[in-house]
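The structure displayed is predicted, hence computed values, not measured ones.
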Amino acid sequence: MQVLRQPVPPPAGTAACIGAFDGLHLGHQALLEHARALQPRVALVTFDPHPARVLAPERAPPLLQSPGQRARVSAALGVDSLVLLPFDRELAATSPASFAE
């Protein structure tokens, strides 16, 4: 599995799942399975630190997994690429269209 810390265009045939994904619980696993049914490759795009730690630290949930643990679990679940985007106020201010590009 490839671990990236910056956005790069995914290879053709990649379904991207985007979210906080702390813990990779059964709902997240179902999402990954659905993505795999749509495309042969799956990329998990997530954030470090958790967005709430930047935007509302007083309400930030305790983390269930470190980035390293998340990478190991992602690999075990068959994720092809894990993109850990550095989350800051600048990224938070990015428009949805710009973020998707």
How would you list, by chain and number, every residue that makes a side-chain contact (heavy atoms from CB on, under 4.5 Å) with Leu55, sequence neighbours excluded? Phe87, Arg89, Ala92

Which donor-acceptor pairs under 3.5 Å do side chains of residues 3-23 form with protein atoms, sequence neighbours excluded?
residue : atom : partner : partner atom : Å
Thr14   : OG1  : Pro11   : O            : 2.7
Asp22   : OD1  : Leu64   : N            : 3.3
Asp22   : OD1  : Gln65   : N            : 2.9
Asp22   : OD2  : Leu64   : N            : 2.5

Is a side-chain donor or acceptor of Glu101 paired with a backbone partner of Ser98 at a separation under 3.5 angstrom? no

For Asp80, enumerate each residue passing the side-chain hydrogen bond (donor to acceptor under 3.5 Å, both in side chains) test, keeping only those at least two apart in sequence or located in another chain. Arg36

Would you say the side chain of Leu24 lies within less than 4.5 Å of the side chain of Leu77, judging by non-hydrogen atoms? yes

Going by chain and number, the hydrophobic cluster around Leu63 (ILVMFWY, side chain to side chain under 4.5 Å) further includes none

Identify whether Leu84 and Val73 are in the same connected component of the hydrophobic contact network (ILVMFWY, side-chain heavy atoms under 4.5 Å). yes

Who are the salt bridge (charged side-chain N to carboxylate O under 4.0 Å, His left out) partners of Arg41, not counting sequence neighbours? none

Only pairs at least two apart or in different chains count here, so list each salt bridge (charged side-chain N to carboxylate O under 4.0 Å, His left out) that has a residue in residues 56-71. none

Would you kindly confirm whether Leu31 and Leu85 end up in one hydrophobic cluster when ILVMFWY residues are joined by side chain heavy atoms under 4.5 Å apart? no

Applying side-chain contact (heavy atoms from CB on, under 4.5 Å) to Pro86 and not counting sequence neighbours gives none

Inter- and intrachain pairs under side-chain hydrogen bond (donor to acceptor under 3.5 Å, both in side chains), touching residues 23-33, at least two apart: His25-His28

Mind checking side-chain contact (heavy atoms from CB on, under 4.5 Å) for Ala75 and listing every partner two or more places apart, or none if nothing turns up? Met1

